[in-house]
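One structure is given here, and the rest of the page talks about it.
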There are 4 protein chains.
Amino acid sequence: MRVKDETKRLAIIENTLDIVFDKGFAGVKMSTLAKRVGISVSTLYVYYESKEDLIVSIATELIARQTKNSVKDITEDLPFKLKMKTMWLYWIHFSINHSKEMHFITQVKKSPYYDKIPAVIKETKNRLGIDLFELGKKEGLIRDINNEILASIIGAILLETVNLIITKKIKLNEEDTDVMFSFAWNAIKS
Amino acid sequence: MRVKDETKRLAIIENTLDIVFDKGFAGVKMSTLAKRVGISVSTLYVYYESKEDLIVSIATELIARQTKNSVKDITEDLPFKLKMKTMWLYWIHFSINHSKEMHFITQVKKSPYYDKIPAVIKETKNRLGIDLFELGKKEGLIRDINNEILASIIGAILLETVNLIITKKIKLNEEDTDVMFSFAWNAIKS
Amino acid sequence: MRVKDETKRLAIIENTLDIVFDKGFAGVKMSTLAKRVGISVSTLYVYYESKEDLIVSIATELIARQTKNSVKDITEDLPFKLKMKTMWLYWIHFSINHSKEMHFITQVKKSPYYDKIPAVIKETKNRLGIDLFELGKKEGLIRDINNEILASIIGAILLETVNLIITKKIKLNEEDTDVMFSFAWNAIKS
Amino acid sequence: MRVKDETKRLAIIENTLDIVFDKGFAGVKMSTLAKRVGISVSTLYVYYESKEDLIVSIATELIARQTKNSVKDITEDLPFKLKMKTMWLYWIHFSINHSKEMHFITQVKKSPYYDKIPAVIKETKNRLGIDLFELGKKEGLIRDINNEILASIIGAILLETVNLIITKKIKLNEEDTDVMFSFAWNAIKS
DNA sequence: CATGAATGAGCCTTCATTCAT
DNA sequence: TATGAATGAAGGCTCATTCAT
């Protein structure tokens with residue numbers, strides 16, 4: 001029997017990401033997608049059983065993958081503010097290098113598709129900065145405020161930073177990112 | 001076109017806003033919209049010559065209207081930080097009371113429809129805080145950074161605040177909004 | 001505004017009957033049907049909101065119509081056996097002249113579509129022979145057996161008669177139909 | 001083709017019968033069938049070269065098998081009416097015990113598939129009662145009418161009887177089947 | 001102005017069948 | 001023989017838009 005081609009699956013994901021980035025979910029037509037990937041529509045249905053399944057599966061995979069990557073080597077022996085900044089930079093770079101994935105996830109979160117994502121996946125996530133915030137509070141360096149709110153604020157500033165970089169209003173150099181980080185840091189520091 | 005029955009026109013806008021808020025642009029079916037408004041589809045086409053025209057026209061009108069409202073009576077004689085806060089609160093309330101309009105505009109900005117909006121309209125806008133920022137800088141109270149960036153940051157935090165309120169994660173009371181304002185203020189103050 | 005064309009509706013029904021007669025429900029393709037009627041597929045959906053609705057609506061209409069027609073002028077002053085025969089002949093002719101309608105209804109009854117037909121319609125029906133059977137029993141002319149069973153038997157023989165006529169194995173003349181009626185009559189007479 | 005694993009072949013037939021019984025031919029999806037049997041779709045095609053071949057082959061086999069069974073031991077030394085009744089009961093029981101096979105054949109007969117069944121098979125069949133009818137006529141016990149018509153009538157009543165039993169409107173006991181047989185007998189007796 | 005009727009273009013999905021191992 | 005992968009050819013249905021009154 002013919003053997004399934006992982007490459008093909010990845011191509012499907014890649015192209016879906018591209019399309020969603022350009023035109024949103026409504027722009028994802030099964031026929032167009034198939035054509036871009038170079039397979040027939042029916043083959044698409046061999047890999048995903050419906051359009052919904054396609055999007056939900058990709059989202060699930062991306063979210064899971066993203067969760068794994070995050071905190072990595074921040075556990076180094078650094079002063080708190082630097083840990084924070086390391087993480088900040090990590091996410092800036094990640095967001096820019098994976099802008100389409102980020103966009104995809106962002107879109108999914110606001111769409112009805114999000115309800116279809118396995119609860120396990122949704123929960124496992126977002127532990128990203130929480131531990132760090134706790135540490136900062138313990139050291140008296142950041143304000144004693146509900147973690148979720150802190151995360152929201154930092155997240156908003158970070159996303160905006162990425163936007164500014166993408167729209168070329170600021171540059172991805174030390175100087176500019178330092179300024180942007182200072183906004184975030186000043187916002188939450190004690 | 002667009003000569004008769006202002007009531008009908010407003011009903012169309014109102015319902016479009018509602019639908020977009022609930023289901024996004026894809027949810028706006030000409031037939032559904034007509035039914036909700038209580039007119040026939042054909043009549044809809046008497047008022048707007050296409051779906052695109054419908055959305056672009058509404059967006060144009062909303063953006064124009066919004067621009068007018070903003071700075072109003074903040075020109076009072078208040079210390080700078082209070083002016084800032086007044087404006088902040090003004091926008092918080094405005095965003096919440098007009099959440100559907102805000103949402104509509106936000107969506108349009110990210111959609112291909114945005115390209116169709118008259119340049120004049122798009123430019124006139126966003127003069128919101130610029131003057132205020134200049135004043136703050138002159139008084140040495142806020143950091144000397146490109147206005148557009150300041151506006152982005154403040155805007156991001158504001159939007160996030162509104163989100164938190166809408167999703168019930170914080171309340172629309174003095175205590176909670178004060179905290180949120182402090183994030184914004186700390187971020188940009190000297 | 002353009003006005004709805006009853007002719008069109010009737011043409012849809014007619015063609016649906018023909019197709020079902022030739023190829024069963026599976027043979028009814030919305031596109032083919034539309035083409036035969038000379039309208040576009042979308043127009044078909046103006047008249048019926050789905051394929052199921054098409055079939056169920058037609059069935060409902062046919063059954064209702066059929067119920068009305070039946071007993072008519074059998075209330076004449078005839079000896080019982082002749083009343084019976086009049087009805088028998090009426091149904092033979094009706095079945096042959098409306099063979100496609102009969103076939104359609106027969107098919108619907110055996111299909112899952114039948115469940116979707118309004119209960120009212122299903123009930124109102126079939127009072128056809130019941131009264132007659134009661135009369136026959138009272139006069140001691142036919143066997144005292146459950147009406148439903150009598151109806152089944154007569155119905156089966158009648159259907160078979162129609163089949164034989166359609167397949168040309170017997171003729172639609174007095175001689176042949178007399179023989180066939182005698183089968184039915186002998187079966188149930190006292 | 002059709003060389004290996006008789007068990008598998010029988011399982012295919014069995015499941016096809018079940019599916020047709022439940023949902024008709026349209027319900028027979030090659031993939032579903034394969035899954036139920038526990039083989040792959042491709043393997044199905046090793047046994048039958050197409051869906052048509054599948055159905056036609058099964059029908060051919062069933063019809064052939066059925067023809068063989070019928071008249072068996074009715075040639076006993078019984079009075080004619082009892083011979084008739086024996087046969088009647090034989091078919092009642094056969095139809096009920098092999099309801100799925102009967103249903104399958106009935107369906108095939110009304111479908112375009114029937115045209116594809118080898119003429120030889122179709123002809124060999126149905127000699128069921130003919131000999132018996134001849135005997136009855138010779139003894140002056142049943143009406144002197146074309147055998148084919150007699151067979152049709154008896155067949156129709158028999159089928160209806162089975163239907164009534166299956167739909168639980170009558171029972172499969174001596175009393176009820178006697179009544180039903182009396183209908184048939186009265187219909188054709190001299 | 002108002003509207004019900006009509007439609008073309010397209011979208012998602014299914015399914016029998018063939019390929020390649 | 002056995003099978004998972006791959007596909008073409010539909011089929012049902014939707015929707016923005018145009019017609020005709």
Side-chain angles (χ1 to χ4, degrees), chain A residues 1-6 8-9 26-34 37-54, chain B residues 1-5 8-9 26-35 37-55, chain C residues 1-5 8-9 26-34 37-54, chain D residues 1-5 8 26-35 37-55:
Chain A
M1 55 158 187
R2 223 182 262 178
V3 87
K4 212 165 194 168
D5 193 357
E6 179 68 4
K8 208 166 280 175
R9 203 179 68 86
V28 181
K29 320 287 161 102
M30 298 304 265
S31 55
T32 310
L33 175 56
V37 175
I39 60 179
S40 79
V41 185
S42 340
T43 305
L44 210 46
Y45 279 84
V46 171
Y47 288 76
Y48 300 95
E49 62 189 20
S50 69
K51 182 174 172 180
E52 179 179 300
D53 182 40
L54 169 75
Chain B
M1 275 161 297
R2 203 167 319 172
V3 181
K4 234 200 160 180
D5 210 338
K8 213 169 275 180
R9 202 179 69 86
V28 182
K29 319 282 167 72
M30 298 305 265
S31 55
T32 311
L33 176 56
K35 197 168 295 167
V37 176
I39 61 179
S40 79
V41 189
S42 327
T43 306
L44 206 48
Y45 278 84
V46 171
Y47 288 78
Y48 299 95
E49 64 188 18
S50 72
K51 183 175 173 180
E52 180 179 297
D53 180 38
L54 168 76
I55 288 171
Chain C
M1 53 157 190
R2 223 183 263 178
V3 89
K4 213 167 193 164
D5 194 356
K8 208 167 281 175
R9 203 179 68 86
V28 181
K29 320 287 160 107
M30 298 306 264
S31 54
T32 309
L33 175 57
V37 175
I39 59 178
S40 80
V41 184
S42 338
T43 306
L44 210 46
Y45 280 86
V46 170
Y47 288 77
Y48 300 95
E49 62 189 21
S50 70
K51 182 176 172 179
E52 178 178 303
D53 181 40
L54 168 76
Chain D
M1 273 161 297
R2 202 165 321 171
V3 181
K4 235 201 162 178
D5 210 338
K8 213 169 275 181
V28 182
K29 319 284 166 72
M30 298 305 265
S31 54
T32 312
L33 175 56
K35 198 169 294 167
V37 176
I39 60 179
S40 80
V41 189
S42 325
T43 305
L44 206 48
Y45 278 84
V46 171
Y47 288 77
Y48 300 95
E49 63 189 18
S50 70
K51 184 176 173 179
E52 181 179 297
D53 180 39
L54 168 76
I55 288 171

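In what follows, chains are A, B, ... by sequence order, proteins preceding strands, each numbered from 1. Since the structure is predicted, the reported quantities are computational estimates derived from the model, not experimental observations.
- Of the candidate nucleotides E:dT7, E:dT17, F:dA6, E:dT17 has the atom lying nearest to any side-chain atom of D:Y45.
- Residue D:E49 contributes atom CD, which lies 9 Å from atom P of E:dT18 at whole-angstrom precision.
- Other residues, nucleotides and ligands place more than 12 heavy atoms under 6.0 Å from the NZ atom of A:K4.
- Closest heavy-atom contact between C:V37 and C:K8: CG1-O, 4.4 Å.
- Between C:I39 atom CD1 and E:dG8 atom P the separation is 11 Å, expressed in whole Å.
- Regarding C:L54, its CG atom lies at a distance of 15 Å from the P atom of F:dG11, rounded to whole Å.
- The shortest distance between the side-chain N/O atoms of D:Y47 and the OP1/OP2 oxygens of F:dA2 is below 4.0 Å.
- One finds a side-chain N or O of A:K8 lying less than 4.0 angstrom from the OP1 or OP2 phosphate oxygen of F:dA6.
- OP1 or OP2 of F:dT7 sits under 4.0 Å from a side-chain N or O of A:S40.
- Note: CG (C:L33) to P (F:dA10) measures 18 Å, nearest angstrom.
- DNA chain E forms stems at E:2-21 with F:2-21, each a run of 3 or more consecutive Watson-Crick or G-U wobble pairs whose two key distances fall under 3.5 Å.
- Taking atom CD of residue D:E52 and atom C1' of nucleotide E:dC15, one finds them 16 Å apart after rounding to whole Å.
- Taking atom CG on A:L44 and atom C1' on F:dA5, their separation rounds to 14 Å, with Å as the unit.
- Between the CG atom of D:D5 and the P atom of F:dA2 there is a distance of 6 Å, given to the nearest Å.
- For D:V41 against D:S31, the heavy-atom pair with the smallest separation is CG2-CA, 3.9 Å.
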Enumerate all atom pairs, one protein N or O and one N or O from nucleotides 9-11 of chain E, separated by less than 3.5 Å.
from   : atom 1 : to    : atom 2 : distance (Å)
E:dC11 : OP1    : A:K29 : NZ     : 3.4

Show which side-chain atoms of residues 42-50 of chain A pair as donor or acceptor with protein atoms under 3.5 Å away, not counting sequence neighbours.
from  : atom 1 : to    : atom 2 : distance (Å)
A:T43 : OG1    : A:S40 : OG     : 3.0
A:S50 : OG     : A:E52 : N      : 3.4
A:S50 : OG     : A:D53 : N      : 3.0

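- The NZ-P distance, from D:K35 to F:dA2, rounds to 19 Å in whole Å.
- Mapped onto DNA chain F by nearest heavy atom, A:V46 and D:T43 fall at different nucleotides, with D:T43 at the one closer to the 5' end.
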